[in-house]
S.K.: 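Right, I'll just put the structure down here and ask away after.
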Amino acid sequence: MTTFTRPELTPAWQTLGRLASQHPLSLSHLLADSARTQSLNLQAAGLQLDASRQRVDQSVLHALHQWAEQMQVMTRARDLFAGELVNVTEGRAALHVALRGSFVKNPPWGDKVSGLVELELDRFLSFAERARNGHWRGLDGQIITDVVNIGIGGSDLGPRMACQALAVRDGGAASSSLRVHFVSNPDPLALQSVLAGLQPARTGFIVQSKTFTTQETLTLAASARRWLQDAGCPVERQAPHWVAVTAKTDLARQQGFMPEQTFSFWDWVGGRYSVWSAIGLPLAMAIGSSAFKAFLQGARAMDEHFLSADAQHNLPLTMALLGAWNQHFLQAHTLNLAPYAYGLSLFPAFIQQLEMESNGKRTHIDGSPVAVSTAPVVWGGLGSDGQHAYFQLLHQGTHTVPVDFIGVLQTDSSLPLAQSHQEVVLGNLLAQAQALALGRDAERTLVALQAEGMSEEEARRLCPHRTYVGNSPNSIVWMDRLSPQSLGTLIALYEHKVFCQAALWGINPYDQWGVELGKTMVRDMASGSGA
Ligand code: F6P
C-alpha cells in the first residue's frame with residue numbers, strides 16, 4: 001500500500017485556505033513592489049520564469065512550499081529518478097529521464113538502464129543519419145526522400161511538435177534530403193492528403209506504437225501498405241520501406257518488419273514522455289543526430305536543475321505550486337497556454353496530453369477517491385492569434401483563466417523585416433500579460449474614454465462595458481531562442497511540473513486507464529456484444 005497524506009488534510013492546506021479567504025491579493029498592489037517582482041523572476045537551464053504576475057505574496061509562497069514538503073514532493077522526485085515503481089497501478093518505473101542521459105557520473109537509475117538507452121540511441125540515430133544521407137533505399141533501390149510517421153498520441157504529438165518547432169528554425173528549408181510527414185488521424189482523408197504528391201518508390205513509413213495494437217495506427221499502416229501495393233510494390237516485398245518503433249518488438253517481427261529497421265523502447269517509458277526515445281526518430285531524421293543530442297542535453301539540464309535547486313528557485317516546483325494555488329484557492333479550473341512563437345504552434349496540443357493524460361485522475365495512489373480537483377483543463381494556441389479570437393473572455397469574461405505565456409526573444413527568421421515582426425510579437429505578449437494582471441478600473445476608464453474625445457455622459461454610459469477587472473494570474477516563460485536545446489529544456493520543465501502536481505495531489509501521473517474503456521467498447525460494439 002502506497003502511503004501518502006491526503007492534500008486537504010495537510011496543515012499547509014488549512015493555512016492556504018485561510019490566506020485565500022482572509023486577504024485577497026491585488027496584482028496592481030503586488031506589482032508595485034520591485035523587490036517582490038525581482039524575487040519572482042527565476043532563471044534555470046537557459047530559461048527564465050517571470051512569475052511576478054501571479055497572485056501570491058511571501059506568506060502564500062511560504063505556505064505553498066510547506067505544502068510541497070508535507071506531500072514529500074522532492075522525496076518522490078528522487079524516487080522517480082531512482083527508478084522506483086512510481087507507476088503504482090502498472091507496477092512500473094517511469095524512467096523517461098534516463099532517456100536523455102545522466103548529469104551525474106553514477107546515474108540513480110543504474111548502469112543497466114543507461115546501457116540499454118545508449119545502445120538504442122546509437123541505433124536509431126545511426127539510422128536517422130543513413131536516411132538523411134540518402135542511404136535508406138526502397139524496394140527497387142531508389143533513395144527514400146519522404147518518410148511518413150504513422151502514430152497517435154505520444155507516438156505523434158512529441159515528434160510532430162518538435163519537428164514543427166525546429167524545422168521552422170531553418171526557415172522551413174529542408175536541412176537534409178529527407179522530408180518528414182506525420183499522420184495520426186484514421187479519417188482516410190488524413191492519409192490521402194499526406195500521400196498526395198508522394199512517390200511510392202521513394203516513400204518510407206515509420207509505424208510508431210508502444211503497444212503495436214492501437215487501432216488507428218494499424219488502420220493507417222494497412223492503408224499505406226495498400227498504397228505501396230497498388231503502385232506495384234507487393235506487400236511481401238515492402239519491408240525495406242518500413243520502420244517500426246515499439247515496446248513490442250515481437251509483434252513488429254511477426255508483422256514482417258526488418259529487425260535492423262525495428263527500434264525499441266521500454267514499458268517504463270510512458271507514451272507522452274517518449275519523445276526522447278526512438279519515438280524521436282522522425283525528429284532525428286528532420287534535424288540530425290547532433291541536434292537531437294542537443295535536444296536531450298537541454299532536457300538533462302532541466303533534470304539537473306529540478307533535483308539540485310532549492311525549493312524557492314526550483315522552476316518546475318514553482319510552476320506546480322502556483323498552478324495548484326490558482327486552481328484550489330483562486331477557483332481557476334483551466335490553464336491557457338499562449339506561446340508567442342510560430343514554431344510552438346503545436347506546443348499547447350502536446351502539453352494537453354502531457355498534463356491531462358497524466359493528471360486527469362480522480363483516484364489517489366492508495367485507491368481512495370480524491371476530495372480535491374486534479375489536472376486543470378489545458379487549452380490554448382498561438383498567443384497573437386488568440387488575442388483576436390478568445391482573449392476577450394480572458395479580459396472581460398466571468399472565468400479566472402491563468403495563462404502561461406511563452407516568449408522567444410530572438411527569431412531565427414531571415415526576413416529583412418524580421419525584427420519589426422519580433423517587436424509586434426513580443427510587444428503584444430508583454431502588453432497582454434500586463435493588461436490581464438492590472439486591468440483598468442472605472443475611474444481610469446472614464447479618463448481614458450474622455451481622452452479619446454468622448455463626452456462625460458457617453459463615457460459614463462460605456463464605462464461598465466469598457467472596464468477590465470484584471471487581477472488575472474499569469475506567468476511568462478522566456479527562451480533566448482527556439483533551439484533543440486531550449487525546446488528540450490522547455491518540455492522537461494513541464495514534465496517535472498506535471499510530476500510535482502501529481503505528488504501534491506497524491507495521484508499516479510503515469511497510467512491512463514481512462515482511455516482503455518473506449519478501446520474495449522469499440523471492440524465490443526463491433527462484435528455486437530457491447531451496449
Ligand atoms: O491515449 C492512450 C495512449 O496509450 C497514449 O498514452 C499513447 O501515447 C497513445 O495512446 C498511443 O499508444 P501507442 O503508442 O501504444 O500506439
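Read the numbers this way: they start at 1 and go in the same order the structure lists the ligands and their atoms. Every value quoted in this text rests on a predicted model; they were computed, and no experiment measured them.
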S.K.: Check ligand 1 against Gln353 and write out every atom of the ligand that is under 4.0 Å from a heavy-atom position of the residue.
M.R.: 5 (C), 6 (O), 8 (O)
S.K.: Starting from atom 11 (C) of ligand 1, find the nearest protein heavy-atom neighbour and note its residue, name and distance.
M.R.: Ile152 O, 3.3 Å
S.K.: Is Val515 touching ligand 1 with its side chain, its backbone, both, or neither, if touching means heavy atoms under 4.0 Å apart?
M.R.: side chain
S.K.: Can you pull out the closest protein heavy atom to atom 10 (O) of ligand 1? Residue, atom name and distance to 0.1 Å, please.
M.R.: Lys519 NZ, 4.4 Å
S.K.: Judging by distance only, is a nitrogen or oxygen of Thr217 under 3.5 angstrom from one on ligand 1?
M.R.: no
S.K.: Gln208 to ligand 1: N or O pair under 3.5 Å?
M.R.: no
S.K.: What is the closest protein heavy atom to atom 5 (C) of ligand 1, and at what distance does it sit?
M.R.: Glu357 OE1, 3.4 Å
S.K.: Hey, are Gln327 and Ser373 close enough side-chain-wise for a donor-acceptor pair under 3.5 Å?
M.R.: yes
S.K.: Looking at atom 12 (O) of ligand 1, what's its closest protein heavy atom, distance included?
M.R.: Thr214 OG1, 3.5 Å
S.K.: Would you call the rings of Phe127 and Phe263 parallel, tilted or perpendicular, taking 30° and 60° as the class edges?
M.R.: tilted
S.K.: Should the ring pair Phe257 and Trp242 be called parallel, tilted or perpendicular, given that the plane angle runs from 0 to 90° and is split at 30 and 60?
M.R.: perpendicular
S.K.: Under a 4.0 Å threshold between the charged nitrogen and the carboxylate oxygen, would Glu260 count as salt-bridged to Arg123?
M.R.: no
S.K.: Assess, by modelled atom type and distance only, whether the side chains of Gln208 and Asn149 contain a donor and an acceptor separated by less than 3.5 Å.
M.R.: yes
S.K.: For the aromatic rings, using the six-membered ring if either is Trp, is the centroid distance between His96 and Phe499 under 6.0 Å?
M.R.: no
S.K.: Going by distance alone, is a donor N or O of one side chain under 3.5 Å from an acceptor N or O of the other, for Gln501 and Trp505?
M.R.: no
S.K.: Identify, by atom number and element, the atoms of ligand 1 in contact range of Gly154, meaning under 4.0 Å from any of its heavy atoms.
M.R.: 7 (C), 8 (O)
